[in-house]
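This chain uses plain numbering: 1 for the first residue, then up along the sequence.
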Amino acid sequence: MSGVDAISFECALRLQELPMNTLPRKHVIAALAACGAVLVTALPSAAQSGRPNSTTMSCGQAQSMINQRGAVVMSTGRYTFDRYVANRSFCQHGEVTRRDYIPTKDNAKCYVLRCVNPQPWRYD
């Protein structure tokens, strides 16, 4: 559950605990406004926590991020993304690493690794 979802869930729980018929209308409106203000202030931080984009960083920065985190889901264009890994230990059982090249700010073909299934058409 993201931070915004947790905050909105908490606000909803607090509003359910309030006896609506016994509270003055101005208190209900104040509670709704407070929950709305909390949500509005939490939204920008949630929007900025999107996946990294390779086209906004240098090749060295992209490779460094992958090596530091071990595995990164990275955007490589407006509508494209993939998961890149530092080594095979970050792949699922049965997968192997395959070299790939992603576009970066300073290099159109930056070398990275990604996990692939070596036998994609085999059915057991």
### Query
Got a sec, which residues hit side-chain contact (heavy atoms from CB on, under 4.5 Å) with Ser58, two or more places apart in sequence or on another chain?
Gln61, Asp106

#### Entry: Under the side-chain hydrogen bond (donor to acceptor under 3.5 Å, both in side chains) test, residues paired with Asn53 that sit two or more places apart
Thr55

### Task
For Asn117 and Gly94, work out which heavy atoms get closest and say how close.
OD1-O, 4.4 Å

### Query
Shortest non-hydrogen contact from Ser54 to Pro103?
OG-O, 2.7 Å

## Note on the structure
Apart from Val73 itself, members of its ILVMFWY cluster (side-chain separation under 4.5 Å) are Phe81

### Task
Please name all residues satisfying side-chain hydrogen bond (donor to acceptor under 3.5 Å, both in side chains) with Gln92, sequence neighbours left out, ordered by chain then number.
none

### Non-neighbouring partners of Asp100 that pass side-chain hydrogen bond (donor to acceptor under 3.5 Å, both in side chains), sequence neighbours left out
Arg114

### Query
Does a donor on one side chain and an acceptor on the other come within less than 3.5 Å for Arg88 and Thr97?
no

### Query
Rounded to the nearest 0.5 Å, what separation is found between the CE atom of Met74 and the OG1 atom of Thr80?
12.0 Å

### Query
So Tyr84 and Ile66, side chain to side chain contact (heavy atoms under 4.5 Å, CB included) or not? Walk me through it.
CA-CA 7 Å; Tyr84 302 101; Ile66 293 167; 3.6 Å; yes

### Task
Kindly state each residue pair satisfying disulfide bond (SG atoms under 2.5 Å apart) with at least one member in residues 52-85, sequence neighbours excluded.
Cys59-Cys110

### side-chain hydrogen bond (donor to acceptor under 3.5 Å, both in side chains) against Ser64, all qualifying residues, sequence neighbours excluded
Gln68

### Query
Which other residues belong to the hydrophobic cluster containing Phe90, where Ile, Leu, Val, Met, Phe, Trp and Tyr are joined when side-chain heavy atoms lie under 4.5 Å apart, directly or via other members?
Val85, Tyr101, Tyr111, Leu113

### Query
With ILVMFWY side chains joined below 4.5 Å, transitively, what does Val96's cluster contain besides itself?
Val116

### Query
With sequence neighbours left out, which residue pairs that include part of residues 64-96 fulfil the disulfide bond (SG atoms under 2.5 Å apart) condition?
Cys91-Cys115

